[in-house]
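Data block below; observations after.
Convention: sequence-line order gives letters A, B, ...; per-chain numbering from 1. Small disclaimer: the values here were computed from a predicted structure and weren't measured. Both backbone and side-chain heavy atoms feed into the values below; hydrogens, waters and symmetry mates do not.
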Protein chains: 2
Amino acid sequence: MAGIDDVARLAGVSTATVSRALSGNGPVSQTTRARVVRAASDLGYVVSSDASSLASGRTRNIGAVVPHLNRWFFTSVIEGAERVLLREGYDLTLYNLGGDGGERRRVFDHHLLRNRVDAAFTVSLELSEEEAGRLLALGKPLVGVGGPLAGVSTVTIDDVAVAHLATDHLVSLGHRRIAHIGASHEFDLDFHIPTSRRLGYEQALREAGLPVDERLHRAADFTLPGGYEAAKQLLGTPHDRPTAIFAASDEMAIGAILAARDLGLSVPRDVSVIGIDDHPLSEFFGLSTVAQHPVRQGERAAELLLAALEGARRPGGAPAPEPVSHTAPADLIVRSSTAVHP
Amino acid sequence: MAGIDDVARLAGVSTATVSRALSGNGPVSQTTRARVVRAASDLGYVVSSDASSLASGRTRNIGAVVPHLNRWFFTSVIEGAERVLLREGYDLTLYNLGGDGGERRRVFDHHLLRNRVDAAFTVSLELSEEEAGRLLALGKPLVGVGGPLAGVSTVTIDDVAVAHLATDHLVSLGHRRIAHIGASHEFDLDFHIPTSRRLGYEQALREAGLPVDERLHRAADFTLPGGYEAAKQLLGTPHDRPTAIFAASDEMAIGAILAARDLGLSVPRDVSVIGIDDHPLSEFFGLSTVAQHPVRQGERAAELLLAALEGARRPGGAPAPEPVSHTAPADLIVRSSTAVHP
DNA sequence: TTGAAAGCGCTAACAA
DNA sequence: TTGTTAGCGCTTTCAA
């Protein structure tokens, strides 16, 4: 492994100049830079990240803290973030709290504190006071994606508005009995999301002069089977059956479509179904939904973090920029699972 | 941020002793260790990973190189690996080659070379000669999960055997016309997998004295919609319709089940379906399958890497242990999508 | 625009 | 069992 001195020697300059030429920090003449770049590439030189980090205080690495990995939303956010980060020469190290063991504690007590990242983002994570405090105490840029994180910048859709939009779509199609499949309270992601979505749903009903009927609400776990079960209950009663279902996630909505089928009901003739997400499978099932573009949310999060890091390096740069709330766009996508109430 | 000297001062020992006490390397008396641990915890001291890495040559970080993130198999492998790694105090940094831009090049040319990881594993990745060479040249432990990686240890199921098992299950139920949904050649994961699975399928047919019929083979893209389309073609012809389908992945198999339904066919009465994976949705659909436990494969990969690192540190430790091929277990799970041929 | 040199915060000989 | 000390490979003042 060639080191910086090898490059310096071959290029006939000092190591300081090599560092400047390769990092782009500090003045280097065009010709010198060319010589250095040439020498580096000839030797196959790649900077040692540890040495560089230790000397500069910057790691060029971003932490991603997620509650699980086996959910489309999380992985999509990470994909988006990583694409942006790689492009800028940053790495992404992943902290998955999913295990039921002491992973979570260990991550917050140890891993995140050992200075391996310049900044971090969390995805749909509700942090305890202590956890949030620890992160904030690092004094590093922080962004919460898909869930509010006190005192920290966030990237998230407006859950109330999105749920309102989905419900309104059903209302405008003439539906009066609209059921909602939300989340149970034990649901361990940030439970503001289900609550906000339920709020938007109820708000839309009220604005349309429709009653909010407890019996039309079912809790599930954001999975397809969960949505199936909930929909079976909602649609099972022949009397007063809802004519439309708004599910808080596409996976649950797809479960609802399958439940309707199994009950001999036709979607959308007998019952309309709408979800939130625009999950990859939604198109296949013809599911109407409100797309929330998680990849873009991840990109946005990465961009915010990089901008904050960039800002912190500038002479008068704000070391701790004010937390900003970035509302990610969400669009109604109408497919074949929703239709006018006959 | 307290440093090692702060701890040393508070504990009344030298920094070397602090390092030894906290890392567990080198002899420290019980009482001294206790004093140091106490001081460290009082000060909230956490080792700086950069300084530690630079001084020791070990980063306590493992690289995970994956082709995508939005597939159950990849994320499951990563989850398993990370659980093991976190437990041992290691971080995992993720290199997702998914973007169509220069990500892949950049990762192999730069990110993986800058010494940020002690070892790495790839998941279902076919590497070019050059890429493999670069990785090997690092002289670091390497494991390929779910795909052969020349000259490197691997963790993978026996694809031929697994496909053979799935097909045999159908044969033993009396099926004679067994179709196969495999992968197209453009499919960009390691295409040995589809090929091996097809091989196992044909092998099982031959052993049963059944003909291998080209028309009973369809290529798809390992997705649910892809499986749906393929099955529609296979099951669409009223004449000589297959009575069973073996799909090379559960997602395709689920697509096949849905296709059968849409054609008015009952599963398993009119057609049996089996897949490979034991995807989280398979139980819901009653899909018979061969489980391949990707979480365990990830755990195994991590364990192999850690063992290699451990070995390399010992005096007479082999710096480059012989590549081993670890065959991961896979079990037939019979649910309700397969039944005897009437 | 360049070079010399002082660290960055730890670990690991080596000596005691 | 402990302390002293010389780096690990860079970056970044500072001076030229």
Side-chain angles (χ1 to χ4, degrees), chain A residues 1-37 39-40 43-61 89 110 113-116 118 309 312-315, chain B residues 1-37 39-40 43-61 89 110 113-116 118 309 312-315:
Chain A
M1 282 282 292
I4 197 172
D5 335 71
D6 301 314
V7 179
R9 210 171 304 122
L10 182 58
V13 297
S14 69
T15 60
T17 299
V18 174
S19 174
R20 283 190 285 253
L22 261 27
S23 72
N25 293 15
V28 183
S29 75
Q30 281 303 321
T31 54
T32 307
R33 180 190 308 283
R35 262 218 319 292
V36 170
V37 167
L43 294 172
Y45 168 78
V46 177
V47 66
S48 152
S49 59
D50 294 317
S52 172
S53 302
L54 185 57
S56 69
R58 272 169 286 117
T59 64
R60 302 203 135 255
N61 189 27
H110 184 76
L113 304 183
R114 57 178 169 178
N115 224 353
R116 189 158 271 167
D118 290 337
L309 290 173
R313 295 190 50 208
R314 260 190 256 290
Chain B
M1 283 284 290
I4 197 172
D5 334 70
D6 301 313
V7 179
R9 211 171 305 123
L10 182 58
V13 297
S14 71
T15 60
T17 299
V18 173
S19 174
R20 283 190 286 252
L22 261 27
S23 71
N25 292 16
V28 182
S29 75
Q30 281 304 321
T31 55
T32 307
R33 181 190 308 282
R35 260 216 323 290
V36 170
V37 168
L43 293 172
Y45 169 76
V46 176
V47 67
S48 152
S49 59
D50 295 317
S52 172
S53 304
L54 184 57
S56 70
R58 272 170 286 119
T59 64
R60 301 204 136 255
N61 189 28
H110 184 76
L113 304 183
R114 58 176 167 179
N115 224 351
R116 188 159 271 169
D118 289 338
L309 290 173
R313 296 189 50 207
R314 259 190 259 290

Whether A/S29 contacts C/dT2 is assessed here as follows: a side-chain N or O lying under 4.0 Å from the phosphate OP1 or OP2. Is that the case? yes
Taking A/Y45 as the fixed residue, which of A/V37, A/V7, A/V36, A/L10 is the one that meets the side-chain contact (heavy atoms from CB on, under 4.5 Å) rule? A/V7
Is any side-chain N or O of A/S52 closer than 4.0 Å to OP1 or OP2 of D/dT11? yes
Quick one: is C/dG9 close enough that its OP1 or OP2 comes under 4.0 Å of any side-chain N or O from B/S48? no
Interatomic distance, A/R9 CZ vs C/dA4 P [rounded to whole Å]: 13 Å
Please compare B/A51 and B/T17 by the position of their nearest nucleotide in DNA chain C and report the one closer to 5'. B/A51
Looking across every strand, which nucleic acid part, if any, lies under 4.0 Å from B/V13 by heavy atom: base, sugar-phosphate, or nothing? sugar-phosphate
According to a strict under-4.0 Å criterion, is B/R58 in side-chain N/O contact with OP1 or OP2 of C/dA12? yes
Test for a donor-acceptor pair under 3.5 Å between the base of D/dG3 and the side chain of B/R20, counting only N and O atoms. yes
Atom-pair distance (CG on A/N115; C1' on C/dG9), nearest Å: 10 Å
To the nearest Å, give me how far apart CD (A/Q30) and P (C/dT1) are. 9 Å
Tell me the interatomic distance from B/D50, atom CG, to C/dT11, atom C1', rounded to whole angstroms. 14 Å
Rounded to whole angstroms, how far apart are CG on A/N25 and P on C/dT1? 14 Å
Value in whole Å for how far the C1' atom of D/dG9 lies from CG of A/L43: 15 Å
Can you tell me the distance, in whole Å, between the CG atom of A/L54 and the P atom of C/dC8? 9 Å
When rounded to whole Å, the CG to C1' distance for the pair B/D6 and C/dC8 reads 15 Å
